[in-house]
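One-based numbering, in listed order, for ligands and for the atoms of each. Quick caveat: nothing in here was measured; it's all calculated off a predicted structure.
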Amino acid sequence: MKIIYDETQKVFHLSNGRISYIMQVLRDGYLFHLYWGKGIRDYHLSNGLFPYVRSFSPSPYFESPEFSTDSRPGEFPGYGCGDFRSPIVQCQRQDGSTLTDLRVVSHEIIQGKPPLEGLPASYVKNDSEAMTLSICMEDRISGLRATLLYTIFEKYDVICRSARYENVGKESLKLLQAGSMSLDFQHCDYDLITLWGGHANERNLQRRPLSHGITMIDSKRGASSHQYAPFLCLTEPAATEDQGKVYGFNLVYSGNFAALAEVDQFNLTRVQMGINPFDFCWLLETGEAFQAPETVMVFSSEGLGEMSRTYHRFYRERLCRGKFQFEERPILINNWEATYFNFDSKKILDIAQKGKELGMELFVLDDGWFGHRDNDKSSLGDWTVFQSKIPEGIDGLAKKITDMGIRFGLWFEPEMISVDSDLYRAHPDWCLHVKDRSHTFSRSQLVLDFSRKDVCDYIVEAVCKVLSGGNISYVKWDMNRHMTDIGSALLPAGRQRETAHRYMLGVYDVMNRITSAFPDVLFESCSGGGGRFDPGILYYMPQTWTSDNTDAVCRLKIQYGTSLTYPIVSMGSHVSVAPNHQMGRTTPMDTRGYCAMSGAFGYELDITRLSKEDEQMVREQVAFYKKIRKTVQYGDFYRLLSPFEGNQTAWSFVEPDKSRAIVMWFQTLNEPNTGVTILHCKGLDPEGLYCDENSGRVFGGDELMEAGLSIPLPERDFDSKIFILSKVQNNG
Ligand code: DGJ
């Protein structure tokens with residue numbers, strides 16, 4: 001791993017042997033991008049910038065019309081000084097002008113990786129793991145400084161980029177855009193992959209050829225959202241799961257974001273990511289600073305599969321934290337789809353008792369345990385007021401359940417407030433709102449103003465008070481609506497457009513305080529399912545409820561799409577009842593089981609009312625998952641067949657030392673007289689011999705990967721098969 005600065009050519013070269021990232025400073029501090037991809041030993045400007053004169057491309061130099069930021073691959077473009085493409089940063093001065101012209105003034109090479117103030121970010125455990133290049137750029141007229149950080153890691157094919165803005169001038173500035181990263185590829189022959197969706201339909205994989213113009217995904221919802229993951233990826237057109245160059249970008253942020261790919265007139269491709277500049281403005285007084293979030297950039301020359309495995313490893317090992325980072329996650333039973341709001345303590349105790357009998361390890365009491373919440377219209381905010389339907393109170397209930405020998409977990413929705421709540425009656429100005437305007441409701445609730453310290457302090461105190469009762473070893477942190485009426489009662493007029501980002505800073509601060517106070521509690525985030533499944537939240541909470549849609553067929557797509565960047569262990573995944581509550585579909589119990597076992601496994605149905613046959617299957621599933629859990633949660637994940645391309649889905653989990661692989665295959669609708677599916681396994685030791693534990697047959701690793709594994713003809717809709725391939729010895 002090295003970061004080299006060639007003084008003569010003014011070239012920066014970051015490399016870990018496998019990947020290289022290269023930039024050049026020209027003339028008066030202009031920073032250009034030259035290369036990101038497979039490792040290069042020594043760089044000699046083979047693809048350096050030719051001095052073409054391009055008409056209508058302006059130059060800052062009268063005598064050098066060929067020098068234009070408009071026609072060259074930029075690295076951190078400002079606004080109004082020659083580059084007509086999308087800027088990554090723009091600030092406004094007191095005189096109203098918005099020109100922003102950042103030039104390199106200095107740089108520093110740092111061992112390790114500095115943390116980002118107030119924001120989640122990847123980290124190193126030891127400074128020897130990574131090196132960081134810090135490039136200081138300044139706009140000498142406005143006094144805006146941007147410090148760009150680039151971290152390269154010894155062990156991961158990842159570059160982390162972020163930007164910190166500071167006002168080092170004499171007048172206050174308005175940051176109108178404060179992006180995290182920008183990068184120009186020198187051609188446009190790429191496909192673009194994004195993950196789109198909606199509630200109960202998260203992270204559908206969309207792949208399309210890039211074309212001229214701007215393709216943008218964003219969120220203006222105050223959350224990273226179900227609608228678009230803060231992720232995009234460029235691939236060579238021919239790239240597949242296993243081959244071809246792939247460039248992934250993922251923002252470590254949970255609020256409004258924007259990500260774009262712009263192909264310009266010269267066929268250059270600009271990729272940008274950061275906080276959404278729409279309705280954003282940040283006042284920077286002299287001496288003040290603003291930290292933009294980090295983008296995690298992964299390069300793979302071995303297709304999408306390797307990109308995903310790099311994200312998975314990196315997020316598991318250098319983004320997630322805490323006691324559960326490497327722990328096998330408990331098999332849980334959640335009462336939501338079993339009872340919704342309609343429960344009493346007897347029903348809850350019965351479910352927990354049955355869960356214990358079936359081998360489950362954690363009971364989770366979902367929404368409806370506080371205030372007088374018998375539906376979704378009241379009580380959010382009243383976390384310390386207890387429901388009459390639980391006469392023993394949460395402490396008493398938790399004790400009874402833990403005494404059964406099963407752990408106890410509890411649902412909260414800390415960021416919300418109901419109008420019908422003691423909290424709202426006491427503090428009607430604690431919600432996001434704009435003076436003189438009426439509220440806009442969603443799920444009958446309002447959003448608490450987490451940009452306010454008093455609100456954050458209240459929530460920390462209330463949640464901590466409940467958790468302090470002891471016996472609570474898991475928290476589900478929900479968030480069930482998006483932001484409207486964005487305004488804060490405490491911020492002055494000139495700072496109102498800071499509200500949405502200040503809200504996120506408040507959320508991160510509250511999450512930090514609560515999770516640090518209860519290090520033995522496993523936190524799972526949720527936002528109407530996977531509406532805030534992003535690396536920002538994973539930094540505080542190592543798993544997320546992937547979707548409110550528990551139908552196995554829909555889940556195949558949702559989990560496949562999610563696996564593009566997020567680790568398997570982070571995906572909460574439950575077996576629910578048939579017919580399914582969201583889709584009305586009846587799928588077999590074994591298929592529901594295998595699909596849910598492809599993540600952090602659990603159940604979410606009334607297990608006190610199972611048929612004898614289903615009860616026995618659940619008992620077996622629970623026992624079986626315990627045997628495969630470590631490989632599923634911490635193994636290497638390989639996608640084999642895509643539900644976005646056909647009727648079948650397949651994936652596998654392989655132990656890092658290749659000693660065992662769990663292969664799962666699913667088919668949606670059965671078809672008459674079809675050909676036999678042959679599944680080509682991946683990631684095995686080609687030299688090894690593997691025994692299929694079900695049939696006892698032994699195959700070579702090379703054979704399973706090249707000749708493949710025949711799938712017996714399915715006999716029903718929604719069929720599934722599983723193969724446990726254990727290495728018995730090395731071949732030869
Ligand atoms: C939305 C979540 O995604 C569900 O699992 C459940 O917790 C409900 N909220 C409760 O209101």
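- Considering backbone and side-chain atoms alike, Gly529 places an N or O below 3.5 Å from some N or O of ligand 1.
- Of the charged side-chain nitrogens involved, at least one lies within less than 4.0 Å of a carboxylate oxygen, so that Asp606 and Lys347 count as a salt-bridged pair.
- Both tests hold for Arg321 against Tyr539: distance to the six-membered ring centre under 6.0 Å, angle to the ring axis within 45°.
- Of all the atoms in ligand 1, the ones that sit under 4.0 Å from a non-hydrogen atom of Asn480 are 1 (C), 9 (N).
- Nearest non-hydrogen protein atom to atom 9 (N) of ligand 1 is Asp478 OD2, 2.7 Å.
- Numbered from 1 in the order shown, with element, the atoms of ligand 1 that lie under 4.0 Å from a heavy atom of Cys526 read 2 (C), 3 (O).
- Contact analysis puts Lys476 in contact with ligand 1, with a non-hydrogen atom separation below 4.0 angstrom.
- With a 4.0 Å cut-off on non-hydrogen atoms, Glu524 does not touch ligand 1 at all.
- Tyr566 pairs in a ring pair (Phe, Tyr, Trp, His ring centres under 6.0 Å) with only one of the listed residues (Tyr560, Tyr311, Phe533), which is Phe533.
- Protein heavy atom in closest approach to atom 11 (O) of ligand 1: Asp367 OD2, 2.6 Å.
- When the options Tyr474, Phe523, Trp383 are evaluated for a ring pair (Phe, Tyr, Trp, His ring centres under 6.0 Å) with Phe412, the one that passes is Trp383.
- Considering backbone and side-chain atoms alike, Asp548 places an N or O below 3.5 Å from some N or O of ligand 1.
- Of the protein's non-hydrogen atoms, Asp366 OD1, 3.4 Å is the one closest to atom 6 (C) of ligand 1.
- By the 30° and 60° cut-offs, the orientation of the rings of His439 relative to Tyr424 is perpendicular.
- Side-chain atoms of Phe257 and Asp534, non-hydrogen and from C-beta on, never get closer than 4.5 Å to each other.
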Inset, instruction - Apply the test side chain to side chain donor-acceptor pair (under 3.5 Å) to residues Arg639 and Ser563: give CA-CA distance (whole Å), side-chain angles for both, the deciding distance (0.1 Å), then the verdict. - result: CA-CA 9 Å; Arg639 290 178 291 260; Ser563 79; 2.9 Å; yes

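- Under a 4.0 Å criterion applied to the non-hydrogen atoms of Trp545, ligand 1 contributes the atoms 3 (O), 5 (O).
- Contacts between Asp376 and ligand 1 below 4.0 angstrom, taking non-hydrogen atoms only, are absent altogether.
- Using bins of under 30°, 30° to 60° and over 60° for the plane-to-plane angle, the ring pair Phe601/Tyr625 lands in the tilted bin.
- Under the 4.0 angstrom criterion for non-hydrogen atoms, His574 is not in contact with ligand 1.
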